[in-house]
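Report on the structure given below.
All figures in this text were calculated on a predicted structure; none of them were measured in a lab.
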Amino acid sequence: MSSVSKIVESAAAYAASFPTSSTPREKTNYYSSRAEIYETVNTVLDYRGPSLAASIISSHFSGDREAAVVLDVACGTGLVAKQLVTQGFKQILGVDGSEAMLEMSRKTGLYKELKRCLLGEEPMPVHWGLFDVVVIVGALSVGHVPVNVVRELFNFAKPGGYICMTTRDSCDNAEFKHALENELKQMEEEGLWTCVEVTEKEWIKVKPEQRYNYMTGIVYLYKKI
C-alpha cells in the first residue's frame with residue numbers, strides 16, 4: 001500500500017471512529033490520542049471550516065486587527081488561528097478540552113495564551129466581555145459541544161464584538177442544527193445580537209478517496225449589541 005493510500009485509509013478510519021455516544025471525557029481522550037495526526041487527516045479530508053470562518057470574520061471586521069483580541073474556543077491544534085493570522089489577527093487566546101491538542105497549538109506559536117477546559121462541563125477560564133471576536137469551529141454538533149454553550153460564547157464578546165459559529169449539515173446532525181438555529185434566533189429576538197451572515201458551503205469530504213463528495217457546513221456570524 002502506498003503512503004498516500006495509507007493516509008487516506010487513516011483519514012477514513014478516523015472519521016468513522018468518533019465515539020458519538022461516549023462521555024465528554026471519553027471524547028476528549030479520543031482527540032488526545034489522535035492529536036498528532038489530526039491536521040494530516042483534515043488535510044486529506046479537505047476540511048474547509050477554519051478557512052471559511054476566518055474569511056467571513058475578515059470580510060466584516062473593520063477594526064484594528066493587530067489589536068483585536070480573539071477567543072478561539074475548541075481550538076484543537078490551531079487550524080483556526082493559522083487562518084486568522086493570515087487575515088491580520090495577532091492577539092489570540094485558545095481554549096480546548098484536550099491537553100494533547102493544546103500542546104500542538106502551543107507549538108504553532110500563534111497563541112498569546114492557551115487554557116484547558118472541557119466545554120459544556122466546566123466553567124470557561126476567561127472573563128466576560130473581553131473579546132472583539134469569539135470563534136468556535138467544528139465543535140458545535142451532535143456528540144460534541146452542547147447548544148447551551150452559545151450563550152456563554154455571547155457573554156465573552158465585547159458589545160459590538162463578533163461571535164462566529166459553525167455546524168455541519170448532515171442527517172445525523174439535523175436535530176442539533178435545528179436546536180442551534182432556534183437558539184440563535186431566540187437570542188436575536190431577545191435583542192442580544194444581530195445576524196450578520198449565514199453561509200452554507202462545502203465543508204469536508206465524506207469519503208477521502210472521492211474527489212467530489214463533500215458534506216456541507218454552515219458558518220453563522222453574529223454581532224453583539
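- Using a 4.0 Å cut-off between a side-chain N of Lys or Arg and a carboxylate O of Asp or Glu, E181 and K177 qualify as a salt bridge.
- Between the side chain of W193 and the backbone N or O of Y162, no donor-acceptor pair lies under 3.5 Å.
- Both tests do not hold together for R168 against F176: distance to the six-membered ring centre under 6.0 Å, angle to the ring axis within 45°.
- Rounding to the nearest 0.5 Å places CD1 of I218 at 11.5 Å from CG of L140.
- If you take CZ on F156 and CD on E152, they are separated by 4.0 Å, rounding to the nearest 0.5 Å.
- Between atom CD of residue Q186 and atom CG of residue L192 there is a gap of 9.0 Å, rounded to the nearest 0.5 Å.
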Stepwise side-chain hydrogen bond (donor to acceptor under 3.5 Å, both in side chains) check, S170 with D172: CA-CA 6 Å; S170 60; D172 68 313; 2.6 Å; yes
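- For the pair N29/S33, no side-chain contact is recorded, criterion being any heavy-atom separation below 4.5 Å from C-beta on.
- No chain of hydrophobic side-chain contacts below 4.5 Å, direct or via other Ile, Leu, Val, Met, Phe, Trp or Tyr residues, connects V126 to L118.
- Under the 3.5 Å distance criterion, the side-chain polar atoms of S58 are left unmatched by any main-chain donor or acceptor of A54.
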Audit row: V73, L119, side chain to side chain contact (heavy atoms under 4.5 Å, CB included) steps and yes/no: CA-CA 9 Å; V73 181; L119 302 172; 3.6 Å; yes
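- Within 6.0 Å of the NZ atom in K90, the count of heavy atoms belonging to other residues, nucleotides or ligands exceeds 12.
- Pairing each heavy atom of A53 with each of V219, the nearest pair is CA-CG1, 4.2 Å.
- Atom CD of E175 has 12 or fewer neighbouring heavy atoms from other residues, nucleotides or ligands inside a 6.0 Å radius.
- With S141 contributing its side chain and T167 its backbone, the two residues share no donor-acceptor pair below 3.5 Å.
- Under 3.5 Å, the side chains of T216 and E202 contain no donor-acceptor pair of N or O atoms.
- No donor-acceptor contact under 3.5 angstrom links the side chains of Q83 and S51, judged on distance only.
- Cation-pi geometry between K224 and F154 is met: under 6.0 angstrom from the ring centre, within 45 degrees of the axis.
- L93 is not listed as a side-chain neighbour of L114, based on a closest heavy-atom distance of 4.5 Å or more.
- The minimum heavy-atom distance linking F61 with R65 is given by the pair O-NH2, 3.2 Å.
- Using a 4.5 Å heavy-atom threshold, the side chains of C195 and Y220 count as separate.
- In terms of heavy-atom proximity, A157 sits nearest to I163 at CB-CD1, 3.8 Å.
- Looking at heavy atoms from C-beta onward, V95 lies out of side-chain contact with D72 at the 4.5 angstrom threshold.
- Looking only at side-chain heavy atoms (C-beta outward), L52 and T166 stay at 4.5 Å or farther from each other.
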V150 vs M187, side chain to side chain contact (heavy atoms under 4.5 Å, CB included): CA-CA, chis, key distance, verdict: CA-CA 10 Å; V150 168; M187 291 174 67; 3.7 Å; yes
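- Residues passing the side-chain contact (heavy atoms from CB on, under 4.5 Å) test with T194, sequence neighbours excluded: K223, I225.
- When all heavy atoms of I136 and A74 are compared, the pair lying nearest together is CG1-CB, 4.4 Å.
- Looking at I204 and Y214, their side chains never come closer than 4.5 Å, going by heavy atoms from C-beta outward.
- For the atom pair SG (C164) and NE2 (H60), the distance works out to 9.5 Å, reported to the nearest 0.5 Å.
- Between T28 and G97, the shortest heavy-atom contact is CG2-O, 3.1 Å.
- Under a cut-off of 6.0 angstrom, the local environment of NZ in K82 is crowded, with over 12 non-hydrogen atoms contributed by other residues, nucleotides or ligands.
- By the 6.0 Å contact criterion, NE2 on H178 is open, its count of non-hydrogen atoms from other residues, nucleotides or ligands being 12 or less.
- Shortest non-hydrogen contact noted between C75 and Y111 is CB-OH, 3.5 Å.
- Proximity of a side-chain donor or acceptor of S59 to a complementary backbone N or O of I56 within less than 3.5 Å is detected.
- Put simply, the side chain of R151 never gets that close to the backbone of V147: no donor and acceptor are under 3.5 Å apart.
- For the pair R116 and D96, the salt-bridge criterion is not met [side-chain N within less than 4.0 Å of a carboxylate O].
- Note on E113 versus K115: salt bridge recorded, some NZ/NE/NH1/NH2 to OD/OE distance being below 4.0 Å.
- Without hydrogens or angle criteria, D169 side chain to G217 main chain gives no donor-acceptor distance under 3.5 Å.
- Atom CZ of F131 sits about 11.0 Å away from atom CG of L153, to the nearest 0.5 Å.
- With N42 contributing its side chain and Y47 its backbone, the two residues share no donor-acceptor pair below 3.5 Å.
- Side-chain atoms of V135 and L71, non-hydrogen and from C-beta on, never get closer than 4.5 Å to each other.
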Could you pull out all donor-acceptor pairs under 3.5 Å where a side-chain atom in residues 100-109 meets a protein atom, sequence neighbours excluded?
| residue | atom | partner | partner atom | Å |
| --- | --- | --- | --- | --- |
| E103 | OE1 | R106 | NH1 | 2.7 |
| S105 | OG | G76 | O | 2.6 |
| S105 | OG | G78 | N | 3.1 |
| R106 | NH1 | E99 | OE2 | 3.4 |
| T108 | OG1 | S105 | O | 2.6 |
| T108 | OG1 | L110 | N | 3.2 |

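- At least one side-chain heavy atom of E188 sits under 4.5 Å from a side-chain heavy atom of Y222.
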